[in-house]
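Here the structure is laid out as structure tokens; the discussion comes afterwards.
Chain letters run A, B, ... following the sequence lines, proteins first and then strands; every chain starts at 1.
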There are 2 protein chains.
Amino acid sequence: MRQVTIKTIADELKLSASTVSRALNDHPDIHDDTKRLVNKLAGELGYRPNIMARNLKSRTSNQIGVIVPEIRHDFFANAISGIEEVAYQKGYTIIIAQSNEEQEREIINLNSMYLNRVSGIIVSISQSTNTESHFQKLIERGVKMVFFDRVCQTLNVPKVHIDDFESAAKVVNYLIGKNYSTIVHFAGPQSLDICRKRKLGYEEALGKPGSNLKSVVIEAGMHENDGYNSMNKLLEMGIESCAIFAVNDPVAVGAVKRMKELKIDIPGQMGIVGFSNNPITEMITPRLTTVDQHAFEMGQKAAEILIDEIEGKNLNGNQLDIKLETSLLIRESA
Amino acid sequence: MRQVTIKTIADELKLSASTVSRALNDHPDIHDDTKRLVNKLAGELGYRPNIMARNLKSRTSNQIGVIVPEIRHDFFANAISGIEEVAYQKGYTIIIAQSNEEQEREIINLNSMYLNRVSGIIVSISQSTNTESHFQKLIERGVKMVFFDRVCQTLNVPKVHIDDFESAAKVVNYLIGKNYSTIVHFAGPQSLDICRKRKLGYEEALGKPGSNLKSVVIEAGMHENDGYNSMNKLLEMGIESCAIFAVNDPVAVGAVKRMKELKIDIPGQMGIVGFSNNPITEMITPRLTTVDQHAFEMGQKAAEILIDEIEGKNLNGNQLDIKLETSLLIRESA
DNA sequence: ATAGAACCTGCAAACGATTGCAGGGAAGGG
DNA sequence: CCCTTCCCTGCAATCGTTTGCAGGTTCTAT
């Protein structure tokens with residue numbers, strides 16, 4: 001007999017499969033002596049319950065699906081870490097897929113998880129996703145779903161993300177307090193929700209009563225070289241002393257690189273703040289002031305909410321829209 | 001009727017479940033008209049095969065378990081990306097767990113995957129793992145396993161990793177070619193296999209015939225501040241011009257930081273090389289020369305081997321011990 | 001002595017899909 | 001007209017566990 005099953009034990013002990021099953025599950029109907037006997041033999045035989053059979057019977061898998069654009073991105077890797085942490089504590093297993101920023105692959109992965117009968121799905125949507133029907137369809141069929149970071153606003157499921165608007169305003173207010181004469185924003189592509197919100201937050205903070213700072217925005221991409229180039233543009237505009245709020249860390253790093261080449265004093269002549277708290281921000285000189293998005297905690301929170309949904313402990317219906325506090329990490333660059 | 005099953009379709013069409021099953025699986029025994037009918041209704045009813053039932057029947061899950069120390073580490077995140085990529089192509093799903101460098105948790109995760117009947121497991125062992133019995137036990141029970149990066153040398157299963165010895169020698173040979181008068185090694189803890197091998201590679205290259213370079217090793221940890229402190233030690237030793245081979249990138253970055261504070265010219269007065277190709281190496285000034293470990297490819301390779309094992313396509317028995325080529329990325333720091 | 005409670009245990013039917021075997025009908029050959 | 005062969009389809013067992021129900025024993029209380 002290849003596999004040790006409940007039946008193996010039952011036969012050996014001249015019991016029925018049901019008694020063995022109950023004994024293993026510590027059911028009160030079973031005599032303690034029987035339980036001891038069964039457990040002892042189970043141990044000796046190296047019995048392991050067949051989870052597939054159990055899942056089939058219970059119609060659930062205790063698996064949580066996670067779909068992110070790219071696992072290798074620092075932010076997502078951290079978020080996944082957080083998800084795994086919580087899932088592990090609560091007895092769930094996570095299965096992971098990446099969309100590589102392609103909608104098509106997002107759809108395939110989503111459906112594959114649906115087929116696999118995962119207990120729930122945590123998603124951060126891909127950049128190229130321009131429809132929500134694939135999510136909508138599953139939600140209608142009762143699949144538990146939670147979005148994080150890159151959420152889909154129009155869908156009626158829980159979301160966990162940061163308040164980009166508030167966070168940006170927080171940064172700018174800090175810079176205002178530092179008495180910089182000009183506060184510039186190196187913005188990201190305005191097609192992206194988060195970039196738009198960060199810019200709005202910047203403008204909101206600048207426009208506060210009593211402030212006579214004018215808005216200076218240079219829009220570019222989100223990579224290091226974009227920051228480098230924006231820095232050149234800034235100088236062409238004749239601005240020689242200011243504070244810069246960069247849309248993210250790579251852009252800030254690129255700007256810093258150019259500033260160092262030009263021997264611009266940081267933060268004396270120009271201050272600069274990034275966004276995301278990439279590991280690099282702490283390794284460059286000067287250490288970069290930035291905004292920590294608490295990726296790990298975001299993952300944890302998303303997992304907690306999903307598991308609550310799965311286990312029917314959801315208090316607030318699906319209206320949950322959690323904006324996690326960000327932290328302004330004040331270091332040396334501003 | 002809540003769930004649409006094969007039986008639902010069978011009843012509706014007044015067929016038997018077996019006919020429906022065969023029709024869905026395009027079995028030659030079934031008439032084309034029947035197939036068309038069945039597939040049509042299946043589509044309309046939104047039928048999805050219950051993978052758990054199928055798995056139970058087929059005694060396999062098409063899932064691959066992955067256990068790494070920490071998902072958030074750049075290297076592992078990349079490796080996982082690679083694993084997922086291959087798994088996705090070949091129709092497997094990956095389930096992920098992290099050991100947080102704790103042996104106990106590694107064991108729990110390993111056993112949980114075993115219970116879940118994964119088709120195979122890919123592991124990079126935790127730092128605190130000091131026994132191999134938990135792996136050994138599963139291997140004896142026929143679980144397919146592949147190690148990557150942090151491999152367990154004594155176990156008779158496929159391994160994928162880099163040749164630390166060769167890679168280190170490659171770095172040092174490059175530095176020798178640059179005519180540095182002294183070549184120093186900032187070594188990591190010699191309790192770790194990889195650190196020991198890198199040091200040996202360093203010594204090997206230095207000891208080559210015709211070279212009269214003497215070995216200068218400063219042993220410390222693997223973090224940025226270790227590099228910073230080692231730099232100070234180096235100067236105390238009176239060495240003012242040399243090339244440094246750091247055990248990894250953070251150590252190199254720490255050293256660079258100190259060098260910049262002291263206005264040491266890089267690479268003129270001192271050259272420095274890191275190890276791993278962390279993203280940061282390209283963002284600091286000067287851009288760091290380092291060794292690329294091809295994490296993504298390593299993950300791909302490990303997944304390919306595992307899947308070959310699972311599908312019985314393994315050519316070379318379990319003796320596979322793949323040392324992936326590393327690349328010396330020559331940039332500005334040396 | 002006996003009813004009732006309290007305990008144990010087993011039967012058998014699920015869960016949903018797959019598959020060996022066999023039955024039934026139609027077509028074709030003798 | 002009968003037998004064989006080829007198609008198509010269904011029966012029933014199987015994968016391993018769980019669980020409602022019922023049967024059986026022992027013990028306690030009246």
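Rounded to whole angstrom, the span from the CZ atom of B:Arg22 across to the C1' atom of D:dC11 amounts to 10 Å. Distance B:Lys57 NZ to D:dT14 C1': 4 Å, rounded to the nearest Å. Between the CZ atom of B:Arg36 and the P atom of D:dC8 there is a distance of 12 Å, given to the nearest Å. Put simply, NZ on B:Lys7 is 13 Å from P on D:dA12, counting in whole angstrom units. Between the CG atom of A:Asn25 and the P atom of D:dT18 there is a distance of 5 Å, given to the nearest Å. The nearest whole Å value for the distance from the CG atom in B:Asp33 to the P atom in D:dC7 is 16 Å. Whole-Å rounding puts the A:Ile30 CD1 to D:dT19 P distance at 13 Å. The interatomic distance linking B:Leu37 (CG) with D:dT9 (C1') rounds to 14 Å, in whole Å.
Contacts of A:Lys35 with the nucleic acid, taken as non-hydrogen atoms under 4.0 Å apart, are absent. Counting non-hydrogen atoms under 4.0 angstrom, A:Thr34 reaches the backbone sugars and phosphates but no base.
The CD1 atom of B:Ile107 lies 13.5 Å from the OG atom of B:Ser112; values are rounded to the nearest 0.5 Å.
Within 6.0 Å of CD on B:Glu104 lie no more than 12 heavy atoms contributed by other residues, nucleotides or ligands.
In this model, the phosphate group of D:dT18 is approached by a side-chain N or O of A:Arg54 to a distance below 4.0 Å at OP1 or OP2. Considering only side-chain N and O atoms, B:Arg59 lies under 4.0 angstrom from the phosphate OP1 or OP2 of D:dG16. For the OP1/OP2 pair of D:dT17 and a distance below 4.0 Å, the side-chain nitrogens and oxygens of A:Asn55 include no atom meeting the criterion.
Contacts between residues 45-53 of chain A and DNA chain D, defined by a heavy-atom separation under 4.0 Å, are made by A:Tyr47, A:Arg48, A:Pro49, A:Asn50, A:Ala53.
In summary, of the residues considered (A:Val20, A:Val38, A:Leu41), a side-chain contact (heavy atoms from CB on, under 4.5 Å) with A:Glu12 occurs for A:Leu41 alone. When each of A:Glu70, A:Glu101, A:Glu106 is paired with A:Arg150, the salt bridge (Lys or Arg N to Asp or Glu O under 4.0 Å) condition holds for A:Glu101 and for no other. The only option from A:Val118, A:Ile96, A:Leu306 that meets the side-chain contact (heavy atoms from CB on, under 4.5 Å) definition with A:Ile64 turns out to be A:Leu306.
The pair A:Lys7-A:Asp11 counts as a salt bridge, with a side-chain nitrogen and a carboxylate oxygen less than 4.0 angstrom apart.
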For residues 43-51 of chain B, which side-chain donor-acceptor pairs fall under 3.5 Å, sequence neighbours excluded?
from, atom 1, to, atom 2, distance (Å)
B:Glu44, OE2, B:Lys40, NZ, 3.2
B:Arg48, NE, A:Tyr114, OH, 3.4
B:Arg48, NH1, A:Tyr114, O, 2.5
B:Asn50, OD1, B:Met52, N, 2.8
B:Asn50, OD1, B:Ala53, N, 3.1

Quick one: side chains of residues 21-30 of chain B, donor-acceptor pairs under 3.5 Å with protein atoms, not counting sequence neighbours, listed by atom name and distance.
from, atom 1, to, atom 2, distance (Å)
B:Asn25, ND2, B:Ser21, O, 3.0
B:Asp26, OD1, B:Lys35, NZ, 3.0
B:His27, ND1, B:Asp29, N, 3.0

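On the nucleic acid side, DNA chain C contacts chain A at distances under 4.0 Å to non-hydrogen atoms, with the end points of that region at C:dC8 to C:dG16.
Judged by atom type and distance alone, B:Ser18 reaches the base of D:dC11 through a side-chain donor-acceptor pair under 3.5 Å.
Nearest-nucleotide mapping onto DNA chain C: of A:Ser16 and B:Ile6, the residue sitting toward the 5' end is A:Ser16.
Applying the ring-ring contact (aromatic ring centres under 6.0 Å, His included) rule to B:Phe147 yields the partners B:Phe135; only residues at least two apart in sequence or on another chain are considered. For A:Glu85, the salt bridge (charged side-chain N to carboxylate O under 4.0 Å, His left out) partners are B:Arg105, not counting sequence neighbours.
Taking every side-chain heavy atom of A:Thr5 into account, D:dT17 is the closest of D:dT14, D:dT9, D:dT17.
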